[in-house]
Amino acid sequence: MLVRRFHSSSLALGKVVPTNLKGKSKSSQQWLSRQLNDPYVEKAKMLNYRCRSAFKLLEIDQKYNIIKPGHTVIDCGASPGSWSQIAVQQSNASGSQPGKPRGMVIGVDLLQIYPIEHATMLGNTDFMKQESQDKIRALLGERRVDCVLSDMAPNATGVRSLDQENIITLCYSVLRFAILMSSPNASLLVKVWDNGEVPLLEKNMQKYYQQVKRIKPRASRSDSAENFILARGFTGVER
């Protein structure tokens, strides 16, 4: 089992000043400086997670226990794969927890995803397309889904209102899939950017889940508009 707790003092080595910035744009320089001074980037390297976002899901799961051994997990917007790595670990898809049921993890992303052991990764696959969701259903067989994760975000256009509209569209697509495929008491976790449409999305989620909560994990940068909506206790659809 991997150790998940670190003392911040062990990584407090002083601010790193990036070198070799000649020819890079101001935004690239800022990004590089932020990466070099981000403790979560170093932690991810130490634990062999593919990116720092692993700690967002770890923190949420440790607090709310949304992924359990034996769970079937769908990871939307999975590339480069850190959330799927966590899902494999927490669902026991690898069988590393003797005596506990083994889960199943399916990751999907528009980008290529390098293989993750004990997970099925669907790279170069657009979750928004019906044929992609049909492919996921075929892989599931008779299984129902216990947890749907979405770290998806649209490519930024630079037009704030359009970007906000696009990420809400992604969220509703994931919500629809979760409604159709989830088992009773399943969970749903989606990324949003703060905007006026988020309260309505939360209200719509409340029709299908017992608890809906907006979360900003510590690993989300403070200057980011990023938040996550966690819905727990799927109640199904009235027919």
Side-chain angles (χ1 to χ4, degrees), residues 1-5 40 43-44 46-123 125 127 132-133 135-141 143-153 170-171 173-175 177-178 181-191 209 215 217-220 226 228-234:
M1 181 175 292
L2 296 175
V3 177
R4 301 176 193 159
R5 292 183 175 84
Y40 289 104
K43 291 180 186 180
M46 291 170 65
L47 289 179
N48 201 30
Y49 292 141
R50 293 189 176 180
C51 65
R52 69 184 301 284
S53 64
F55 297 100
K56 301 173 188 178
L57 180 57
L58 267 175
E59 180 183 335
I60 293 170
D61 186 58
Q62 287 172 353
K63 186 171 183 179
Y64 297 102
N65 198 24
I66 59 175
I67 307 175
K68 302 175 183 178
H71 273 188
T72 298
V73 182
I74 307 298
D75 181 11
C76 306
S79 183
S82 61
W83 277 25
S84 291
Q85 288 179 297
I86 300 300
V88 166
Q89 176 182 312
Q90 302 299 83
S91 70
N92 195 33
S94 63
S96 60
Q97 302 177 49
K100 295 185 178 181
R102 294 184 66 160
M104 179 181 187
V105 177
I106 299 174
V108 56
D109 200 289
L110 267 172
L111 301 176
Q112 181 179 349
I113 315 172
Y114 290 103
I116 292 176
E117 196 172 6
H118 308 296
T120 300
M121 309 307 291
L122 303 176
T125 302
F127 177 81
S132 301
Q133 296 186 21
K135 185 184 295 186
I136 295 172
R137 291 187 180 93
L139 289 169
L140 289 171
R143 283 178 175 259
R144 304 300 287 181
V145 178
D146 300 294
C147 185
V148 178
L149 307 171
S150 175
D151 197 27
M152 287 196 295
L170 292 175
C171 290
S173 179
V174 175
L175 174 61
F177 177 85
M181 300 302 299
S182 289
S183 62
N185 294 314
S187 300
L188 168 65
L189 179 67
V190 297
K191 177 163 72 178
Y209 294 86
I215 300 169
R218 291 187 299 272
S220 287
E226 171 187 87
F228 294 89
I229 301 177
L230 173 61
R232 293 183 293 163
F234 180 66

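Everything quoted here is computed from the prediction, not taken from an experiment.
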Exercise. Decide side chain to side chain contact (heavy atoms under 4.5 Å, CB included) for F228 and L57; before the verdict, give the C-alpha distance in whole Å, the side-chain angles of both, and the deciding distance to 0.1 Å.
Key: CA-CA 10 Å; F228 294 89; L57 180 57; over 6 Å; no

Quiz item: Stepwise, does the side chain to side chain contact (heavy atoms under 4.5 Å, CB included) test hold for I106 with V145?
Solution: CA-CA 10 Å; I106 299 174; V145 178; over 6 Å; no

Practice problem: Evaluate the side chain to side chain contact (heavy atoms under 4.5 Å, CB included) criterion for residues Y209 and S182: first the C-alpha distance (whole Å), next the side-chain angles of each, then the deciding distance (0.1 Å), finally the verdict. | Solution: CA-CA 11 Å; Y209 294 86; S182 289; 4.2 Å; yes

Practice problem: Determine, step by step, whether H71 and Q90 satisfy the side chain to side chain contact (heavy atoms under 4.5 Å, CB included) criterion, reporting the C-alpha distance in whole Å, the side-chain angles of both residues, the deciding distance to 0.1 Å, and the verdict. | Solution: CA-CA 9 Å; H71 273 188; Q90 302 299 83; over 6 Å; no

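Residues V73 and W83 fail the side-chain proximity criterion, which asks for heavy atoms closer than 4.5 Å. Residues I74 and V174 are not in side-chain contact: their nearest non-hydrogen atoms beyond the backbone lie 4.5 Å or more apart. In this structure the side chain of P217 never reaches within 4.5 angstrom of the side chain of K63, judged on heavy atoms. A 4.5 Å side-chain heavy-atom check between Y64 and I215 finds at least one atom pair inside the cut-off. At least one side-chain heavy atom of V105 sits under 4.5 Å from a side-chain heavy atom of S91. Using a 4.5 Å cut-off on side-chain heavy atoms (C-beta onward), K191 and K56 make no contact.
Within the model, atoms CG of L188 and CD1 of I229 stand 8.5 Å from one another, a figure rounded to the nearest 0.5 Å. Put simply, CE on M104 and CZ on R143 are 6.0 Å apart, with the number rounded to the nearest 0.5 Å. Here CZ of F127 is found 4.0 Å from SG of C76. Values are rounded to the nearest 0.5 Å. Of the inter-residue distances, the one linking L149 atom CG with I60 atom CD1 reads 9.0 Å to the nearest 0.5 angstrom. Interatomic distance, OG1 of T120 versus CD1 of I113, reported as 11.0 Å (0.5 Å rounding). Taking OG from S53 and CG from L58, the interatomic distance works out to 10.0 Å, rounded to the nearest 0.5 Å.
Side-chain N/O atoms of T125 and S132 include no donor and acceptor closer than 3.5 Å.
Counting only distance, with no hydrogens or angles, the side chain of D109 and the backbone of G123 share no donor-acceptor pair below 3.5 Å. At distances below 3.5 Å, not a single donor-acceptor pair connects side-chain atoms of R102 with backbone N or O atoms of G70. Of the possible polar contacts, one joining the R52 side chain to the A219 backbone as a donor-acceptor pair under 3.5 Å is found. In this structure, the side chain of R50 engages the main chain of Y114 through a donor-acceptor pair within 3.5 Å. Put simply, the side chain of D61 gets close to the backbone of I66: a donor and an acceptor are under 3.5 Å apart. Checking side-chain atoms of Q97 against main-chain N and O of Q89 turns up a donor-acceptor pair under 3.5 Å. In terms of modelled atom types and a separation under 3.5 Å, the side chain of Q85 and the main chain of A54 share no donor-acceptor contact. A side-chain donor-acceptor contact under 3.5 Å links N92 to the backbone of P101.
In plain terms, the two heavy atoms of L170 and A153 that are nearest each other are CD1-C, 3.8 Å. Smallest separation of non-hydrogen atoms from C51 and S82: SG-OG, 3.2 Å. Residue I67 comes nearest to C147 through the heavy atom pair CG1-SG, 4.0 Å, listed as atom of the first residue, atom of the second, then distance.
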